[in-house]
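For this chain, numbers begin at 1 and follow the sequence in order.
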Amino acid sequence: MSNPFAWIVEPLDPKQPLKKFFNISKLEDVRYAQLPFSIRVLLEAAIRNCDEFLVKKGDVENILNWKVVQHKNVEVPFKPARVILQDFTGVPAVVDFAAMRDAVKKLGGDPEKINPICPADLVIDHSIQVDFNRRSDSLQKNQDLEFERNRERFEFLKWGSQAFKNMRIIPPGSGIIHQVNLEYLARVVMDQDGYYYPDSVVGTDSHTTMIDGLGVLGWGVGGIEAEAVMLGQPISMVLPEVVGYKLLGNPQPLVTSTDIVLTITKHLRQVGVVGKFVEFFGPGVAQLSIADRATIANMCPEYGATAAYFPVDDISIGYLVQTGRDKEKVMCTKKYLEAVGMLRDFKNSSQDPDFTQVVELDLHTVVPCCSGPKRPQDKVAVSDMKKDFETCLGAKQGFKGFQIAPDRHNSVVKFNFEGCDFMLGHGSVVIAAITSCTNTSNPSVMLGAGLLAKKAVEAGLTVKPYIKTSLSPGSGVVTYYLRESRVMSYLSQLGFDVVGYGCMTCIGNSGPLPESVVEAITQGDLVAVGVLSGNRNFEGRVHPNTRANYLASPPLVIAYAIAGTIRINFEKEPLGTNASGKKIFLKDIWPTRNEIQAVERQFVIPGMFKEVYQKIETVNESWNALDAPSDKLYTWNPKSTYIKSPPFFDGLTLALQTPKTIEDAYVLLNFGDSVTTDHISPAGNIARNSPAARYLTSRGLSPREFNSYGSRRGNDAVMARGAFANIRLVNKFIDKQGPQTVHFPSGETLDVFDAAERYKQTGHPLIVLAGKEYGAGSSRDWAAKGPFLLGVKAVLAESYERIHRSNLVGMGVIPLQYLPGEDAGTLGLTGQERYTIIIPEKLKPQMNVQIKLDTGKKFHAIMRFDTDVELTYFHNGGILNYMIRKMAS
C-alpha cells in the first residue's frame with residue numbers, strides 16, 4: 001500500500017527536485033512543537049515508513065499524541081536508519097545470518113533473501129588485548145597476537161562482508177565502535193534513496209547511546225533484535241516517557257567531563273529512568289562540546305535510560321565541519337533540520353518542549369570524582385576516596401564492602417619484580433588504563449592527561465614498573481593529536497604507550513598481570529585496585545585479581561598510577577618527591593582548562609580526521625591479506641573452535657508449535673539483585689578449570705590458545721559452557737563465590753553447565769530465580785542464548801534490564817516478574833522447590849500467570865511479553881524462527 005502521508009513530501013531545494021523529504025510542518029498539528037525532540041525523530045520515522053502494515057496511521061497518531069499516550073504503555077514501531085555492530089556481538093549475528101540461510105534453504109525458500117535490508121556497519125574493536133605494554137612496540141605486538149588468535153573469526157567476517165549486501169566491515173586497528181561512529185559513520189541527516197531524514201541507529205552494544213551526544217537518536221538492542229532490524233523489521237517499543245534534564249551554569253576549572261557524567265549517572269540512578277528517554281536541555285548544554293555531550297550520552301546504560309539525547313544545535317553542526325565531513329552535506333543537514341523543526345537553540349527557552357518530568361543539575365556544583373569500587377553509579381568525590389575505600393575494606397561483603405578483618409587492613413606483602421623489591425597492600429593500584437570510548441573520544445580529557453604527564457615527568461615523578469599501564473585510543477585521530485601536541489613522549493615515559501585501538505581493559509581484555517604481582521595479591525588476599533577511564537567496573541569484569549575497580553578521568557588515572565595506591569588524599573598528601581626532595585602535589589601538575597583548550601584549538605583540526613578516515617577500510621595490511629571464501633552459503637568447518645553452525649534452528653518446520661505449560665522445573669540458580677550480563681555470559685578469560693576449558697582441551701587446544709569468551713561467541717559449544725561461568729557469581733545455593741550450583745536430585749555441587757546437562761539428560765526443564773535489575777550491563781545476546789541452550793525455560797525476577805529482557809524474549813525464554821510488593825522472600829521461596837508455570841492457550845501482553853510449587857503453594861507472576869509482536873515471537877519460538885518462517889514462506 002502507498003504511504004498515506006505521501007502528500008507532505010516535497011523537495012528540500014527546488015533546484016534538486018529528486019532530493020525530497022517529509023515536511024512534517026504541512027500536517028499543521030500544534031502538538032508537534034510540544035514534542036520532545038527525541039520523540040520527533042520517532043514520529044518522522046513512523047510517517048516516512050507508514051504502510052498500514054508494519055507501521056500504521058494509528059501509530060503516527062499515538063506518537064503525535066505523546067503527551068497523553070506516554071503513560072498508557074502504548075506500543076509503537078520504529079525503523080532505525082541503520083544498525084551498528086561490534087565484533088563480539090557481530091560475529092554471532094553473522095553466524096546466525098549464515099545459519100538462517102541454511103534453514104531457509106532447507107524449508108524450500110531462497111537463502112539469499114536472508115540479507116541486510118537496513119544498512120549495517122560492523123566495527124572490529126573487541127578482540128585486541130593488553131598482552132604487551134610499557135614498550136614502544138606494544139601496539140604492533142598486540143595487533144599481531146590479535147590476528148594470530150582471531151584469524152578464523154576475521155576470515156569469517158570478511159566472508160560476511162562479501163556474501164551479504166549492505167554490510168560494511170571496519171577492520172581491526174581502526175578504533176572503538178562508538179568513537180568511529182561519532183567521528184566518521186554518523187550522518188546526522190541521512191541522504192538515501194532520494195530522501196532526507198534524521199539519522200538514527202540501533203547497535204549491538206549498550207553504549208550505542210554515545211551517538212545521542214551528536215543528535216543522532218540511538219540505543220543498544222539485543223543482537224537478536226538487531227538481526228531482525230537488519231532484515232527490515234521495525235523495533236516494537238513502548239512509547240517512552242521523556243525526562244527533561246536541565247543543565248545550568250558552568251563547570252568549575254578543575255572539573256572534567258568524566259566528573260560530570262559520573263555525577264549525572266548517580267543522580268539519574270536516584271531519579272529512576274529505566275525504560276525512559278532522557279533529553280538534555282537548558283543553557284548549560286551550550287557550555288558543553290560535542291565530545292562532552294558524547295561522554296554523558298555514552299554512560300546512559302549506567303544510569304538506566306534507553307536513550308540520552310542531545311538535540312542537534314549549531315555546536316553539533318560545527319563538529320561535523322571539525323571532523324572533516326563534506327561541507328555541502330553539512331549545509332543540507334542544517335537546512336533539513338531547520339525545515340522540520342529539529343534544530344535546537346539551547347539558550348532559547350521558548351523552544352523547550354513538554355517533558356514527563358524535569359530534573360536539574362547546576363554544572364558549577366560538580367566536583368572531581370571517581371566511581372566504584374564495584375558499580376559505575378557509586379560516585380565518590382576524589383577528596384573522599386581514601387576514607388571511602390578504607391570504609392569499604394571493613395564493610396560487609398557487597399557493592400561497597402569487602403569484609404576484610406580490621407586487623408588486616410594495613411597488611412602488606414613483599415614481592416620482587418624485575419630484580420627489585422616492592423610492597424603491595426590493600427588499595428595498591430596494579431592496573432591503570434586510559435581506555436574506553438567514554439573518554440578517549442574527548443580531546444579535552446585526553447590532552448589534559450597528556451599535559452599532566454608532561455608536568456609530572458618534568459617534576460621528576462614516575463610510575464612503579466609493576467603497575468600495568470596502558471593507553472588504548474578510540475581512533476587514530478587521538479594518537480595524531482597527542483603526537484602533534486608533543487605530549488605522547490611524556491605519556492610513554494610514565495608507561496602509557498599506545499597498546500592498541502579497541503576497548504581492551506574496559507571490557508576485561510586487560511591481559512595478564514605479572515606473576516609476582518598475582519602471587520602477592522593471592523598470598524595476602526589483597527583488595528588490589530584497577531583504575532580506568534572506562535564506563536563499567538562490575539566485579540570480575542576488569543581483571544580477576546582486581547577486586548576494587550574505579551572509573552576515573554584520564555588525568556586521574558595517571559595521578560593514581562603515580563601515587564601507586566587509592567589510599568591517598570591528594571589535597572593533603574604528595575604524589576611523590578622530586579630529585580631535590582621537594583614534595584609534588586597533584587595541584588602542582590594539574591593543567592588548567594585554558595591550557596587544555598589552547599592546545600585543543602591548535603591541534604584538533606579537520607585535516608586529521610580526513611587523513612585518518614579516508615583510508616580506514618584499507619589501511620590494515622593484515623586484514624587485506626586475509627583469504628575469505630566467496631560462496632553465498634557458508635561452508636562450516638567441523639574442526640573450527642571459533643565458528644560453528646548453531647543448533648537454534650534444528651528441526652524447525654513451517655508449522656507453529658503450541659506453547660506448553662512448564663512442568664516440574666528445577667531452579668538452576670538462585671540470585672539476588674544486580675546480576676549482570678557479565679555474570680551470565682562473561683567476555684573475559686576462560687578459566688583453566690572451567691567446562692569451556694575442558695571442551696577446548698578435548699579439541700586439542702592448549703590454555704595459551706583458549707583466548708576469551710568474547711572471541712568465541714561464534715561457537716555455541718563454548719558459549720553454552722560459558723553461561724554463568726563468572727568467577728564472582730553469587731548463587732544463594734552455594735556459600736562462596738563461583739560458577740557452581742547444586743544439582744538437587746543428587747545433592748551434588750557441580751559446575752553450572754554440568755548440572756544443566758544432568759537435568760537435560762533426565763528431561764527436567766529449568767528456571768532461574770533473581771532479584772532486581774536482572775541482566776544489567778552490556779548488551780549480550782549470549783546472556784539469553786547461553787541459558788536457552790542450558791535448558792532454561794523461564795526467569796523469575798523482581799525487575800529486568802531493558803535489553804536483556806528483550807533478548808530473553810528473542811530466544812523464546814519467558815521473562816516472569818513478581819507482582820508488586822512480592823519477591824522470593826515475601827513468598828518464602830528457597831529455590832529448592834519444583835515449579836510448574838501454567839501457560840494459557842490465549843496469551844496477551846503482560847498478563848498474569850499462575851505458578852504452582854511441588855510444596856502445594858501457588859502464586860501469580862507477570863509474564864513480561866510487553867507487546868503483541870513479542871507474543872508473536874514467543875509463539876514462533878523466538879524472533880529468528882519467526883524471520884526464517886517469514887522468509888521461507
Side-chain angles (χ1 to χ4, degrees), residues 92-93 95-109 111 113-114 221-231 233 235-236 644-663 665 668 716 719-720 723 756 759-760 763-768 775 781-796 800 803-816 837-847 849 863-889:
V95 166
D96 286 348
F97 266 60
M100 288 168 76
R101 279 192 170 181
D102 293 343
V104 168
K105 185 181 180 183
K106 285 178 186 174
L107 292 175
K113 282 187 176 179
I114 300 293
V221 296
I224 303 152
E225 198 173 14
E227 290 168 36
V229 174
M230 290 164 70
L231 291 167
Q233 296 297 296
I235 286 173
S236 180
K644 179 178 175 290
S645 181
F648 305 135
F649 315 123
D650 292 353
L652 183 67
T653 63
L654 286 173
L656 292 182
Q657 303 294 315
T658 304
K660 296 177 181 176
T661 288
I662 299 169
E663 295 189 17
L668 179 63
D716 62 272
M719 296 309 295
Y759 284 121
K760 195 178 293 184
H764 286 115
L766 298 170
I767 67 168
V768 170
D781 55 341
W782 270 109
K785 289 176 176 176
F788 169 81
L789 290 178
L790 294 185
V792 173
K793 302 298 182 185
V795 177
L796 176 58
Y800 293 88
I803 299 174
H804 185 63
R805 187 200 63 82
S806 171
N807 273 335
L808 290 173
V809 171
M811 287 308 299
V813 177
I814 302 173
L816 297 169
I837 301 162
I838 310 298
I839 310 295
E841 272 189 41
K842 291 186 178 180
L843 300 176
K844 60 183 181 180
Q846 295 198 344
M847 70 182 297
V849 294
M863 186 181 277
R864 284 293 310 277
F865 297 125
D866 290 356
T867 66
D868 287 322
V869 172
E870 289 185 346
L871 282 174
T872 300
Y873 296 155
F874 176 63
H875 283 298
N876 277 271
I879 193 171
L880 300 184
N881 294 357
Y882 166 76
M883 292 305 304
I884 288 170
R885 288 191 175 103
K886 183 178 178 183
M887 294 295 180
S889 60

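- The minimum heavy-atom distance linking Lys793 with Pro765 is given by the pair CG-CB, 3.9 Å.
- The number of heavy-atom neighbours closer than 6.0 Å to NZ of Lys105, taken from other residues, nucleotides and ligands shown, is 12 or below.
- Counting heavy atoms from C-beta outward, Met100 and Met887 have side chains that stay 4.5 Å or more apart.
- In terms of heavy atoms, Pro646 sits closest to Asp96 at CG-OD1, 4.0 Å.
- One finds the CD1 atom of Ile662 at 7.0 Å from the CG atom of Leu816 (value rounded to the nearest 0.5 Å).
- Within the 4.5 Å cutoff, side-chain heavy atoms of Phe865 are placed close to those of Ile814.
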- Chi angles and distances behind the side-chain contact (heavy atoms from CB on, under 4.5 Å) call for Leu789, Met719: CA-CA 9 Å; Leu789 290 178; Met719 296 309 295; over 6 Å; no
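- To the nearest 0.5 angstrom, Leu231 atom CG is 5.5 Å from Ile114 atom CD1.
- Considering only heavy atoms from C-beta on, Leu652 comes within 4.5 Å of Arg885 through its side chain.
- The structure places CD of Gln657 at 10.5 Å from CG of Asn876, a figure rounded to the nearest 0.5 Å.
- Ring-plane geometry between His764 and Tyr759 is classed as perpendicular, the angle between the planes exceeding 60 degrees on a 0 to 90 degree scale with a lower cut at 30.
- Inter-residue side-chain proximity for Pro840 and Met847 is flagged as met; some heavy-atom pair is nearer than 4.5 Å.
- Across Pro845 and Thr867, no two heavy atoms sit closer than the pair CG-C, 3.7 Å.
- Of the candidates Tyr873, Phe874, Phe649, Tyr873 is the only one forming a ring pair (Phe, Tyr, Trp, His ring centres under 6.0 Å) with Tyr882.
- Side-chain contact check for Val849 versus Ile838: every heavy-atom pair is 4.5 Å or farther apart.
- Smallest separation of non-hydrogen atoms from Glu870 and Arg864: OE1-O, 3.9 Å.
- For the atom pair OG1 (Thr653) and CD1 (Ile884), the distance works out to 11.5 Å, reported to the nearest 0.5 Å.
- Using a 4.5 Å cut-off on side-chain heavy atoms (C-beta onward), Val221 and Val229 make no contact.
- Crowding of Gln846 atom CD: a count of heavy atoms from other residues, nucleotides or ligands under 6.0 Å exceeding 12.
- Counting only heavy atoms from C-beta outward, the side chains of Pro787 and Val813 never approach each other to under 4.5 Å.
- The closest side-chain heavy-atom distance from Glu227 to Met883 is not below 4.5 Å.
- A donor-acceptor contact shorter than 3.5 Å is absent between the side chain of Lys106 and the backbone of Asp650.
- Closest non-hydrogen pair, Ile224 versus Lys785, comes out as CG1-CE, 4.2 Å.
- From Glu663, atom CD reaches atom CD1 of Ile837 across 11.0 Å, with rounding to the nearest 0.5 Å.
- Put simply, CG on Leu871 and OG on Ser236 are 10.0 Å apart, with the number rounded to the nearest 0.5 Å.
- Nearest approach of Tyr800 to Val795, heavy atoms of both residues: OH-O, 2.7 Å.
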